[in-house]
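Every chain is numbered from 1 and lettered A, B, ... according to where its sequence line falls, protein lines coming before strand lines. Being a predicted model, the structure only gives us computed values, none of them experimental.
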Number of protein chains: 2
Amino acid sequence: MRLVMDKTDALTVAAERLFDTNGYTATGMDRLTQAAGMSSRTLYKHVGSKAALMGRVLAKRDRRFMQSIELQSVDALFSAIEDWIRTEGARGCLFLRSLAETGGETPEIAAAVTAHKTAFQERIHKIVAADLGHEDPVLADQILVLAEGATHAAVYRGVAAVSAARFAAGLLVDARR
Amino acid sequence: MRLVMDKTDALTVAAERLFDTNGYTATGMDRLTQAAGMSSRTLYKHVGSKAALMGRVLAKRDRRFMQSIELQSVDALFSAIEDWIRTEGARGCLFLRSLAETGGETPEIAAAVTAHKTAFQERIHKIVAADLGHEDPVLADQILVLAEGATHAAVYRGVAAVSAARFAAGLLVDARR
DNA sequence: GACAATGTAAAACGATCGTTTTACATTGTC
DNA sequence: GACAATGTAAAACGATCGTTTTACATTGTC
């Protein structure tokens, strides 16, 4: 485990913030090099291209988000989503946004999004199974929709959207217990 | 009522398609003029700027979407969302996407998104009230989250996401009846 | 302390961005 | 049929895009 961030990590962190708040296409390489304190030559030697940088950003975000939802109950899931939104803000899912921004035609981005959403679905299935004591794919699909809805309704409704999702999820889980 | 589309309408239709499938920032004005069969001079005389064009596109999409959900039951709402996705595809809400793409800093877009989401929320409250026979803001918030979730989960789960939302919505409505 | 590796700053690449202008043709109206 | 309005095609505006190159400084290793 590294105790300090090297320059490449710092670049990824800075890039995630810029892409998230300003959009992938609208963020220029000069803003990225400047924010990372790195020359463009070094940036290109390390990551190869803007699309590859976004691939790293999304892979890292996937790890970070997935770690924050290593949970055993549906209620804890929505609590974690609320925490995430409180600290990170709510601008909609960065994965879906960057996929749509690029028309699904940037391979590094498309691959990262598929990997993340597959992992996210599987995680929700596991959380539902742990909560209920058995698998329930039907309920898991409902919880997935609520989680995605909380993330996106929060853009204009704030954490109230997550509270509504959490309460609804509780009712749906109880209906299946 | 006009029976044929004039050139400005054709431009808005073409622009909606291009912005929706390729993203707002990634779509250049030359692709727009070409798709609309219109010189750039005429385009600028009519709409003023790219941001203003997007404002028109979003205003028109708002009207079209809102007309498609003039309904009196929650079940019919999700049926309409499923129809919409079957004919239009699912790339996530164009309003939220263009807002995020521009960092919320393009006035024409920010205004159109606020107007749309306010109207959307109000419509869901009305649909819930019509279905239940009385107002229920708590249920309406839950339905809003499910609708937003269906829209975005459908990007990778297809219409199955809408079916899951529809079924969950039925349970939540029954719990309040 | 030689030297390869790795970094920097800055210019340059060709392409494309949104927008305006030029020069002219087509249209609709009195 | 004169003439203002409205259209076109195409060049041009300055800015910026992602990426590469040049010329040189700093670093780490034997």
Euclidean distance, atom NZ of residue B/Lys50 to atom P of D/dA15 [Å, nearest integer]
19 Å
For B/Ser40, answer base if it contacts any base atom (sugar-phosphate contacts may also be present), sugar-phosphate if it contacts only those atoms, and nothing otherwise; contact means non-hydrogen atoms under 4.0 Å.
base
In whole angstroms, how far is the P atom of D/dT21 from the NZ atom of A/Lys45?
13 Å
What's the OH-P distance between A/Tyr44 and C/dA12, to the nearest Å?
19 Å
B/Met54 has an atom CE; how far is it from atom C1' of C/dG18, in whole Å?
15 Å
Could you state the atom-to-atom distance from CE of A/Met38 to P of D/dG18 in whole Å?
17 Å
Categorize A/Gly48 for me: base, sugar-phosphate, or nothing, with a 4.0 angstrom heavy-atom threshold over every strand shown.
nothing
One pair to check against salt bridge (Lys or Arg N to Asp or Glu O under 4.0 Å): A/Glu82 and A/Arg86. What are the steps and the verdict?
CA-CA 6 Å; A/Glu82 185 174 328; A/Arg86 279 193 199 281; 2.7 Å; yes
Under 3.5 Å: donor-acceptor pair, side chain of B/Lys50, backbone of B/Thr27:
yes
Check whether any side-chain N or O of A/Asp141 sits under 3.5 Å from a backbone N or O of B/Ala164 as a donor-acceptor pair, and report yes or no.
no
A/Arg61 vs A/Glu16, salt bridge (Lys or Arg N to Asp or Glu O under 4.0 Å): CA-CA, chis, key distance, verdict:
CA-CA 8 Å; A/Arg61 191 176 177 90; A/Glu16 179 176 1; 2.7 Å; yes
Paired nucleotide for C/dA2 [Watson-Crick or G-U wobble; both distances under 3.5 Å]
D/dT29
Qualifying side chain to side chain donor-acceptor pair (under 3.5 Å) pairs, either residue in residues 66-76 of chain A, two or more places apart:
A/Asp75-A/Arg166
Watson-Crick/G-U partner (both atom distances under 3.5 Å) of C/dC24:
D/dG7
Between residues 23-36 of chain B and DNA chain C, which residues have a heavy-atom gap below 4.0 Å?
B/Thr27, B/Gly28, B/Met29, B/Asp30
Main-chain N/O of A/Thr25 paired with A/Glu101 side-chain donor or acceptor, under 3.5 Å
yes
Is a donor-acceptor contact shorter than 3.5 angstrom present between the side chain of A/Arg41 and the base of D/dT22?
yes
Any strand: nucleotide that pairs with D/dG14 via Watson-Crick or wobble, under 3.5 Å
C/dC17
Is the shortest side-chain N to carboxylate O distance from B/Asp20 to B/Arg17 below 4.0 Å?
no
If you compare every side-chain N and O of B/His46 against the phosphate oxygens of D/dG7 (OP1, OP2), does one of them come in below 4.0 Å?
yes
What's the CG-C1' distance between A/Leu43 and D/dT21, to the nearest Å?
16 Å
